[in-house]
Amino acid sequence: TDRESSNNHNPAEFDQEDGYYTIDFPLDTLDYYDGTAWLECRLRDKQSDTLLVVLGWSMKQHEGDGSWMIDGIDWQDFREKYRPGIGREEWERICG
């Protein structure tokens, strides 16, 4: 497989075509007080403020020292070349 091919885009890779972006943390970290938490950030186009990506981290608290470790990552890509994304067709219809 040719990794440079235009149909093999890596959504986690931002290139010159994507331009500059800002990072926004719309909410404080959501602590569920059960040793788990959720943190969300949004990447927006710096010029138009268009939403590009919503990135969320599920976290677990380490019992020994109380530090937080990433348990899972959720990536919602709104850039046109990645829409609607695998398994996101229904999500896009309702929320897009």
Side-chain angles (χ1 to χ4, degrees):
T1 308
D2 180 7
R3 300 190 85 195
E4 299 299 317
S5 149
S6 62
N7 61 356
N8 288 326
H9 292 294
N10 177 353
E13 184 177 294
F14 278 73
D15 53 29
Q16 288 180 338
E17 180 182 312
D18 296 309
Y20 292 100
Y21 59 90
T22 60
I23 300 174
D24 175 35
F25 291 87
L27 306 168
D28 290 335
T29 301
L30 178 58
D31 187 340
Y32 296 110
Y33 297 103
D34 65 354
T36 64
W38 173 258
L39 176 63
E40 179 181 305
C41 81
R42 297 177 180 197
L43 306 181
R44 296 184 168 277
D45 183 274
K46 190 170 187 168
Q47 304 247 331
S48 68
D49 198 39
T50 301
L51 181 62
L52 303 173
V53 170
V54 176
L55 180 61
W57 294 275
S58 298
M59 299 184 297
K60 280 189 170 180
Q61 196 165 28
H62 186 267
E63 289 182 27
D65 63 4
S67 61
W68 290 96
M69 299 175 289
I70 296 173
D71 188 47
I73 298 174
D74 187 41
W75 179 280
Q76 300 283 330
D77 207 314
F78 296 93
R79 293 174 290 169
E80 198 57 42
K81 65 184 172 186
Y82 299 111
R83 290 185 83 171
I86 298 170
R88 301 294 184 194
E89 293 84 2
E90 184 66 14
W91 189 89
E92 284 289 313
R93 185 184 69 77
I94 296 169
C95 304

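Predicted, not measured: the structure shown is a model, and the values here were computed from it.
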*Asks:* When you group the ILVMFWY residues by side-chain heavy-atom contacts below 4.5 Å and let the links chain together, are Trp38 and Ile73 in the same group?
*Replies:*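 Looking at the clustering, Trp38 is in a separate group from Ile73.
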
*Asks:* Membership question, hydrophobic clusters at under 4.5 Å side-chain separation (ILVMFWY): are Tyr32 and Leu39 in the same one?
*Replies:*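 Unlinked, Leu39 and Tyr32 end up in two clusters.
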
*Asks:* Taking Met59 as the fixed residue, which of Thr36, Thr29, Leu30, Asp31 is the one that meets the side chain to side chain contact (heavy atoms under 4.5 Å, CB included) rule?
*Replies:*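 Output: one option passes, namely Thr29.
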
*Asks:* My understanding is that only residues two or more places apart in sequence, or in another chain, count here; which of them pass side-chain contact (heavy atoms from CB on, under 4.5 Å) with Leu27?
*Replies:*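 Result, side-chain contact (heavy atoms from CB on, under 4.5 Å) vs Leu27: none returned.
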
*Asks:* Testing Leu51, Thr50, Leu43 one by one against Phe78 for a side chain to side chain contact (heavy atoms under 4.5 Å, CB included), which residue passes?
*Replies:*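 Output: one option passes, namely Leu51.
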
*Asks:* Atom NZ in Lys46, atom CD1 in Ile23: separation rounded to 0.5 Å?
*Replies:*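 So the NZ of Lys46 and the CD1 of Ile23 are separated by 11.0 Å.
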
*Asks:* For a quick test of reading the model, state the closest non-hydrogen atom pair linking Pro26 to Cys41 and the distance between them.
*Replies:*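 The answer is CD-CA, 4.3 Å.
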
*Asks:* Looking at CG of Asp45 and OG1 of Thr22, how far apart are the two atoms once the value is rounded to the nearest 0.5 Å?
*Replies:*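 The OG1 atom of Thr22 is 8.0 Å from CG of Asp45, to the nearest 0.5 Å.
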
*Asks:* Within the structure provided, determine whether Leu55 and Glu40 are in side-chain contact (heavy-atom separation under 4.5 Å).
*Replies:*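 They are not in side-chain contact.
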
*Asks:* Got a sec, which residues hit side-chain contact (heavy atoms from CB on, under 4.5 Å) with Asp28, two or more places apart in sequence or on another chain?
*Replies:*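 Scan of Asp28 (side-chain contact (heavy atoms from CB on, under 4.5 Å), adjacent residues dropped) gives none.
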
*Asks:* To the nearest 0.5 Å, what is the distance between CE (Met69) and NE2 (His62)?
*Replies:*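 Answer rounded to 0.5 Å: 5.0 Å.
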
*Asks:* Which distance, rounded to the nearest 0.5 Å, do you find between the CG of Asp74 and the OG of Ser58?
*Replies:*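 Here the interatomic distance stands at 7.5 Å.
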
*Asks:* Could you list the residues that satisfy side-chain contact (heavy atoms from CB on, under 4.5 Å) with Gln61, not counting sequence neighbours?
*Replies:*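 In terms of side-chain contact (heavy atoms from CB on, under 4.5 Å), with neighbours along the sequence ignored, Gln61 is linked to Trp68.
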
*Asks:* Calculate, to the nearest 0.5 Å, the distance between atoms CZ and CG belonging to Arg42 and Asp49 respectively.
*Replies:*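 Going from the CZ atom of Arg42 to the CG atom of Asp49 covers 11.0 Å.
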
